[in-house]
Amino acid sequence: KFLPYMVRTFICRNGLAIFKKSGTMGFEQYALSQLNRWNISKEGIEKWIPFFEGWALYCNTPPTVSTSGKRLPALNSANYLHHYNEFSALYENGQFQSAISSDQPTFRGLVVLINTRKENLDSLANKMSIGLGCHRVVRDINAISEVDMIGSMHRNRGGILCVANITDGVKNVRLFAKTFKNAIYIVMVGCSQNEIEASFVHSESVGSNRKEVLKTIGISNAWRKCKCNFVAEIPMNATSEVGMTEEEDYVASVMKKLKESSDSFQTDTRPGMFVFFPAIPGSGKSSLCHNLTTDALGIKSRKLIVREGDKTKGKFYPTIEKDILDSPSSVFVADKNVPPASWSSVSNICSNYRSMAVAVLPSDTEDYRIEISHDDSTQVSRSCVFPFQLHYLAICMYRVLQRAPGSHNGKLDSATEFACMVVVKFYCLYRNVSNSKVSENIHKMGKSRNAILRVPFFREGQLPDLPMDLKQVLDEAVNLQVLNDLNMLAVNDETMKQMEVKLRSHLAEHSNFLVGLTAAEDYSRQSFLDQFSNKIASLGDVHEGARENALRVNSQQSKSKKIMDMRQVKIASLDVSQTDVHRIMNELAKEYFSVEEFLQMRTSDYINDDDAKRSARFIQATHCTFAHCSGLSQEEMHSTFDHLIGMQLEICVTSLLFNDLIAALEVSIPLTVSDDSHTSTPQPCNRFPHITVWCGQNIQAWQSNLLPKQVKANQANKVELKKPISLRGKFSFWYEE
């Protein structure tokens, strides 16, 4: 009951400042970090994120008048509640949900609207940003960065619309045009010579200064000569739409051209992977990452990026974001220690670019609990838990001390004055993070299904107890560091030196014991490569054997492939038998009275055809949509689904959602196809994988996408199956007529 208040106040209100400063992406990162901080479940996060995406869309172009006709104040933290209530009502009615609908096209690229006074363009900018589905409106062209340009070309971020004075920003756009020529569109509004001269005549500040007029006309010509996708001209009076015929509607014509050009972008929309190491120095991560290649990992069509933290200039996560933006489907390996304080950065990256978070952890780790105490009797001792046992800490310190002086890029080797205590400090960054919490946090990262790779660190068999003197000095070092971290003890350099000397002495004394605890490096590396390769395969890269098998099974279809390729694919679908769907519905009717009543009231609808949109009808061509042409280009459709066409997939029906307007079966999708366990299944673009069963009068099948929200708002019913029911289907393309 308290969560809606927290969402409204601490995310929607407090996030306005972040939205204005960092745009949609920054706001969504903030919202996600807040939900994680409140320990909201993965399922809860998935339900709330579309709401925040919608709120960001609303904030891009907030209305000035409510749907009831009341004037709305300016959107800010003081007046946000008026807009929040307006947005909530609109959202419940299905608006501002384009960010979660796979059927809604999203413009990609940068549109620059230019006028002698950019204030004249506010109304037009709002209209075009909504019509194009832009995710961000910018009013300072010089504030656009290279990262913004890269992001604007990807569907998971969306296009940018910028309003600019004719005298501003042409230099910045020309610089971007060197790299992003095809993604830049210039729309000059009221910029003809006559219109420019007229604007100066009516300007009180400039008057009829001829030099300024000629300068502005010269700059307008510079805009026209910019190397970009295209330059369009719109007369200023055409933006009013008063008395304009359809042929004369310049704005509609330009928007149509923008959409068509944007749809031609061939961007890779597959989810990527972000591999990271929640570890401490000396854990062996660099050995695992050494000489990683696409061949070794079986990567066929993705980019492999390995970045070593100690060699990356500047802040690590902002720096690598450009790499991921440039290739969002890449497999990215962060060769650095990633303690809990950095997990939010990993989560944000995975959320923004739909990447799978893959954590690499040592196998057979156990929680270690220690009582932190102080010589001062007035201090109360406290218990702390760590996800790694002391054996792990000791081995990592020993490995760091084996590094030759000056050999480490991060300047942590045997010559480092407090080398052992630096490792202890990293160990203590995991204070009160148990193994169960590590796993829980990793699986909550981003918006994708995540994974943990467990790599052998210790030799097989039971770990022997640490020698008592070694355990005691390790406990002392951890105790000292925790007291220092909690400001319970002022630790000076002399104390640190004494502890460093004790640690080095005991580690050297028990070196043979520690070496005997660890698994062979080759064995650990091979285990890592095997698990890593399998996880990459789950992303959906085509297995060569599966491709050959699919071509063999569909040999007859392949003869007409050239003819088929010339046709426009509308959707990639998993077609299921209408008979099987009705059988499932009848089974549910026997068990649930609400379903029985629903079917009895609609017996006459069975005779109506699919094409009778004005009549209530049961869907005859029952299917689950995996991708729509508005969400993927034709090349992406074929590259993702060609090898699957004709192959079978067994899915599970998990629930029925219905109301008086529409009904659909919710389904879960397995990771591999039924015909070949090596072939990964692309996940549906829709967040609500389903099969539409029945549509009411004048209701279209796509409206079933709204059912989950309607269930939440008590506008629809949901029947959860006690046991999922299997249903078999076959992949196919549906073509435009």
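These numbers were taken from a predicted model, which means no experiment stands behind them.
Lys215 pairs by the side chain to side chain contact (heavy atoms under 4.5 Å, CB included) definition with Glu212, Ile219, not counting sequence neighbours. Remark: Lys718 pairs with Ser655, Leu657, Glu666, Val711, Glu720 by the side chain to side chain contact (heavy atoms under 4.5 Å, CB included) rule, at least two apart or across chains. Residues passing the ring pair (Phe, Tyr, Trp, His ring centres under 6.0 Å) test with Phe52 are Trp48, sequence neighbours excluded. Residues passing the side chain to side chain contact (heavy atoms under 4.5 Å, CB included) test with Arg139 are Asp122, Asn126, Val137, Val163, sequence neighbours excluded. Scanning for ring pair (Phe, Tyr, Trp, His ring centres under 6.0 Å) contacts around Tyr317 gives an empty result, with sequence neighbours left out. Applying the side chain to side chain contact (heavy atoms under 4.5 Å, CB included) criterion to Asn714, with sequence neighbours excluded, gives no partner residue.
A heavy-atom distance below 4.5 Å is found between the side chains of Ile11 and Phe27. Between Gln703 and Gln700 the shortest side-chain heavy-atom distance falls below 4.5 Å. Side-chain contact between Tyr58 and Tyr84: absent, with no pair of heavy atoms (C-beta onward) separated by less than 4.5 Å. Using a 4.5 Å heavy-atom threshold, the side chains of Asp323 and Ser330 count as separate. For the pair Phe51 and Ser88, the minimum side-chain heavy-atom distance is below 4.5 Å. By the 4.5 Å heavy-atom criterion applied to side chains, Asn705 and His690 are counted as neighbours. You'll find the side chain of Trp55 stays beyond 4.5 Å of the side chain of Tyr91, heavy atoms only. Between Cys191 and Ile114, the closest side-chain pair of non-hydrogen atoms falls below 4.5 Å.
Using modelled atom types, one side-chain atom of Ser192 and one backbone atom of Glu195 make a donor-acceptor pair closer than 3.5 Å. Between the Asn115 side chain and the Val189 main chain, a donor and an acceptor come within less than 3.5 Å of each other. At distances below 3.5 Å, at least one donor-acceptor pair connects side-chain atoms of Asn165 with backbone N or O atoms of Lys118. Ser129 places a side-chain N or O within 3.5 Å of a backbone atom of Ala125 that can act as its donor or acceptor partner. At least one donor-acceptor pair under 3.5 Å links the side chain of Thr9 to the backbone N or O of Tyr5. Glu92 contributes no side-chain N or O that, together with a main-chain N or O of Ala713, makes up a donor-acceptor pair within less than 3.5 Å. Of the possible donor and acceptor atoms, one in the side chain of Asn172 sits under 3.5 Å from a partner among the backbone N and O of Ile141. The backbone N or O of Ile217 lies less than 3.5 Å from a partner atom in the side chain of Ser220, making a donor-acceptor pair. Formation of a donor-acceptor pair under 3.5 Å by the Ser152 side chain with backbone atoms of Met149 is found in this model.
In terms of heavy-atom proximity, Ser261 sits nearest to Phe230 at CB-CE2, 4.4 Å. When all heavy atoms of Asn142 and Gly169 are compared, the closest pair comes out as OD1-CA, 3.8 Å. Across all non-hydrogen atoms, the minimal contact from Asn450 to Ile442 is ND2-O, 2.9 Å. Taking each heavy atom of Leu258 and Met128 in turn, the nearest pair found is CD1-CE, 3.7 Å. In terms of heavy atoms, Cys695 sits closest to Ala701 at SG-CA, 3.7 Å. Looking at every heavy atom in both residues, Val170 comes nearest to Trp223 through N-CZ2, 3.5 Å.
Thr319 and Thr312 share no donor-acceptor pair across their side chains, judged by distance under 3.5 Å alone.
Asp660 CG: 12 or fewer foreign heavy atoms inside a 6.0 Å radius. Counting heavy-atom neighbours within 6.0 Å of Arg117 CZ, excluding the residue itself, gives a total of 12 or less. Few gaps surround NZ on Lys712; more than 12 heavy atoms of other groups in view lie less than 6.0 Å from it.
Between Ser345 atom OG and Phe274 atom CZ the span is 9.0 Å, to the nearest 0.5 Å. Expressed to the nearest 0.5 Å, how far OG of Ser329 lies from CE of Met273 amounts to 11.5 Å. Going from atom CD1 of Ile349 over to atom CD1 of Ile324 covers 4.5 Å, rounded to the nearest 0.5 Å. Put simply, SG on Cys59 and OH on Tyr80 are 12.0 Å apart, with the number rounded to the nearest 0.5 Å. Between atom CD1 of residue Ile160 and atom CG of residue Leu132 there is a gap of 13.0 Å, rounded to the nearest 0.5 Å. If you take CD on Gln710 and CG on Asn93, they are separated by 9.5 Å, rounding to the nearest 0.5 Å.
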Report task. Check the pair Leu16, Asn76 against side-chain contact (heavy atoms from CB on, under 4.5 Å), reporting the backbone distance first and the verdict last. Result -> CA-CA 7 Å; Leu16 284 175; Asn76 53 46; 5.5 Å; no
Query raised in the report: When you look at Val719 and Ser594, which way does the side-chain contact (heavy atoms from CB on, under 4.5 Å) test go after all the steps?
Result: CA-CA 9 Å; Val719 173; Ser594 60; 4.0 Å; yes
Report task. Decide yes or no on side-chain contact (heavy atoms from CB on, under 4.5 Å) for Trp694 and Phe658, but give the supporting numbers first. Result -> CA-CA 9 Å; Trp694 173 86; Phe658 64 96; over 6 Å; no
Query - Stepwise side-chain contact (heavy atoms from CB on, under 4.5 Å) test for Arg224 and Glu233 - result: CA-CA 9 Å; Arg224 291 185 180 91; Glu233 301 257 3; 2.5 Å; yes
